[in-house]
Number of protein chains: 2
Amino acid sequence: MIIEQMSIDEQRVAIFKALADPTRLQIVRTLYQNKKEMSCGEVGEQCEVSKSNASYHFRTLREAGLTTLRKDAQTKYIQLNTETFDKYIPGFLDTL
Amino acid sequence: MIIEQMSIDEQRVAIFKALADPTRLQIVRTLYQNKKEMSCGEVGEQCEVSKSNASYHFRTLREAGLTTLRKDAQTKYIQLNTETFDKYIPGFLDTL
DNA sequence: ACAGTAGTTAAATAGTTATTGAACTAATGA
DNA sequence: TCATTAGTTCAATAACTATTTAACTACTGT
């Protein structure tokens, strides 16, 4: 389901589900600490996750509205969507 | 596993898992809006959840450190553990 | 055109989670 | 003592989730 079509509580559930996994928490922390966008490959390498598993987790984060994607040729760059964090869990990123 | 024995990230995962459910979100909101402790029965009734299902959700929240329990004879009173919220997701309760 | 790079998708599998109903414990009050 | 109240536990079930491997798409540089 598209996040914009969800009720607020459904969005909250999607966000908490997305963060309720050690690998995705690690991905979020990596993106937060790097301060700027990173390619999928860079993130996957730093978090020691296989390509396909990383892709799965990236999708979960993106579908929860926690990240955004920029495409440049064959490379995709991921960035935290701070709007979503600020709206639903303000202050969380600073606890990482 | 006991929450105190978990790594910080394991605690985060337990907390996000606990909040990644519409029924438990409703329970947390009910407890937050009531401002004071409530009996299990009161919460279950307001959230329209069966006794046994409510008990299951109460345990999940308690094991994540999100609530505390006070026993008085046959009644148990639940309260939000604001320490945990403040430590891991400061500001979250005010978004409810 | 072709080998290499970057990432997605699909199928299979194992493990986890939410819900229900019935049986249970423990305290209350007539 | 006995019925009632408050909540827990257990077993069964259905649905969902994370991981792996292999096959795939699409773009790049020679």
Side-chain angles (χ1 to χ4, degrees), chain A residues 1-3 6 9-31 34 37-64 66-79, chain B residues 1-3 6 9-31 34 37-64 66-79:
Chain A
M1 199 182 183
I2 314 291
I3 191 106
M6 294 184 185
D9 258 22
E10 282 171 340
Q11 293 189 35
R12 285 192 178 105
V13 168
I15 287 165
F16 285 133
K17 272 191 181 160
L19 294 172
D21 177 273
T23 302
R24 288 192 293 268
L25 227 33
Q26 182 60 45
I27 293 170
V28 169
R29 184 187 294 111
T30 299
L31 288 167
N34 263 63
E37 66 177 9
M38 297 171 76
S39 72
C40 291
E42 277 181 284
V43 179
E45 204 180 337
Q46 277 209 33
C47 299
E48 293 175 307
V49 184
S50 75
K51 254 155 57 109
S52 79
N53 193 20
S55 183
Y56 165 72
H57 288 304
F58 293 152
R59 191 178 61 204
T60 304
L61 289 169
R62 183 164 17 89
E63 287 181 352
L66 293 173
T67 57
T68 56
L69 203 66
R70 183 175 72 85
K71 221 176 281 196
D72 180 12
Q74 78 271 55
T75 302
K76 294 185 176 176
Y77 294 94
I78 305 176
Q79 207 174 2
Chain B
M1 199 182 185
I2 312 291
I3 190 103
M6 295 183 184
D9 259 22
E10 282 171 340
Q11 292 189 35
R12 286 191 178 104
V13 169
I15 287 165
F16 286 132
K17 272 190 181 163
L19 294 172
D21 177 274
T23 303
R24 288 191 294 268
L25 228 33
Q26 182 61 44
I27 293 170
V28 169
R29 184 186 295 109
T30 300
L31 287 167
N34 262 65
E37 66 177 12
M38 297 172 74
S39 72
C40 292
E42 277 181 286
V43 179
E45 203 179 340
Q46 278 209 32
C47 299
E48 292 174 307
V49 184
S50 74
K51 254 156 56 110
S52 78
N53 194 19
S55 183
Y56 165 71
H57 288 303
F58 294 151
R59 192 179 56 203
T60 303
L61 290 169
R62 183 165 15 88
E63 287 181 350
L66 293 173
T67 57
T68 56
L69 203 66
R70 183 175 71 85
K71 219 176 282 197
D72 181 12
Q74 79 271 58
T75 302
K76 293 183 179 178
Y77 295 93
I78 304 177
Q79 207 173 3

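Reminder, nothing fancy here: chain letters follow the sequence lines and each chain counts from 1.
In this structure, CD of B/Q26 is placed 16 Å from P of C/dA18, rounded to the nearest angstrom. Taking atom CD of residue A/E42 and atom C1' of nucleotide C/dT5, one finds them 15 Å apart after rounding to whole Å. Atom CG of B/D72 is separated from atom P of D/dA6 by 13 Å (rounded to the nearest Å). In this structure, CG of A/L61 is placed 13 Å from C1' of D/dA18, rounded to the nearest angstrom. Spacing between atom NZ of B/K71 and atom C1' of C/dA27 amounts to 12 Å, rounded to whole angstrom units. When the C1' atom of D/dT19 is taken as reference, atom CZ of A/R24 falls 12 Å away, rounded to whole Å. Remark: C1' of C/dG7 and OH of A/Y77 are 13 Å apart, rounded to the nearest angstrom. B/K17 places its NZ atom 17 Å from the P atom of D/dC16, with the value rounded to the nearest Å.
Residue A/K51 places no side-chain N or O under 4.0 Å from the OP1 or OP2 atom of C/dA6.
Distances from the side chain of B/K76 to the nucleotides C/dT17, D/dT8, C/dG7 place D/dT8 closest. Taking the side chain of A/Y56 as heavy atoms from C-beta on, and the options C/dT8, D/dA18, C/dT16, the nearest nucleotide is D/dA18. Proximity note for A/D21 (side chain, C-beta onward) versus C/dT8, D/dA18, D/dG7: the nearest is D/dA18. Here D/dA6 is the nucleotide among C/dT19, D/dA18, D/dA6 with the atom lying nearest to any side-chain atom of B/Q74. For B/R59, whose side chain is taken as the heavy atoms from C-beta onward, the closest listed nucleotide among D/dT9, C/dT19, D/dT19 is D/dT9. In this structure, the nucleotide among D/dC27, D/dC16, D/dT8 sitting nearest to the side chain of A/A73 is D/dC27. Taking every side-chain heavy atom of B/N53 into account, C/dT19 is the closest of C/dA6, C/dT19, C/dT9. Listed candidates were D/dT8, C/dT17, C/dT8. Nearest to the side chain of A/S55 is C/dT8. For A/H57, whose side chain is taken as the heavy atoms from C-beta onward, the closest listed nucleotide among D/dT19, D/dA6, D/dT8 is D/dT19.
In secondary-structure terms, DNA chain C builds stems of at least 3 consecutive Watson-Crick or G-U pairs, each pair having both distances under 3.5 Å, at C:1-30 with D:1-30.
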Quiz item: Do A/L69 and A/I78 pass the side-chain contact (heavy atoms from CB on, under 4.5 Å) test, and can you show the C-alpha distance, the side-chain angles, and the key distance before you say yes or no?
Solution: CA-CA 5 Å; A/L69 203 66; A/I78 305 176; 3.7 Å; yes

Practice problem: Apply side-chain contact (heavy atoms from CB on, under 4.5 Å) to A/Q26 and A/D21, showing your working. | Solution: CA-CA 9 Å; A/Q26 182 60 45; A/D21 177 273; over 6 Å; no

Practice problem: Before giving the answer on side-chain contact (heavy atoms from CB on, under 4.5 Å), spell out for A/L66 and A/I15 the whole-Å C-alpha distance, their side-chain angles and the decisive distance to 0.1 Å. | Solution: CA-CA 7 Å; A/L66 293 173; A/I15 287 165; 4.1 Å; yes

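Nearest heavy-atom pair, B/I3 versus B/A64, reported as atom, atom and distance to 0.1 Å: CD1-O, 3.5 Å. Here the shortest heavy-atom pairing between B/C40 and B/F58 reads CB-CE1, 3.5 Å. B/A20 approaches A/V13 most closely through the heavy-atom pair O-CG1, 3.7 Å.
At a cut-off of 3.5 angstrom, the base of C/dG21 holds at least one donor-acceptor pair with the side chain of B/S52.
Using a 4.0 Å cut-off between charged nitrogen and carboxylate oxygen, B/R29 and A/D9 count as a salt-bridge pair.
Under the side chain to side chain donor-acceptor pair (under 3.5 Å) criterion, the residue pairs touching residues 47-58 of chain A are A/R24-A/H57, A/N53-A/H57, with sequence neighbours excluded.
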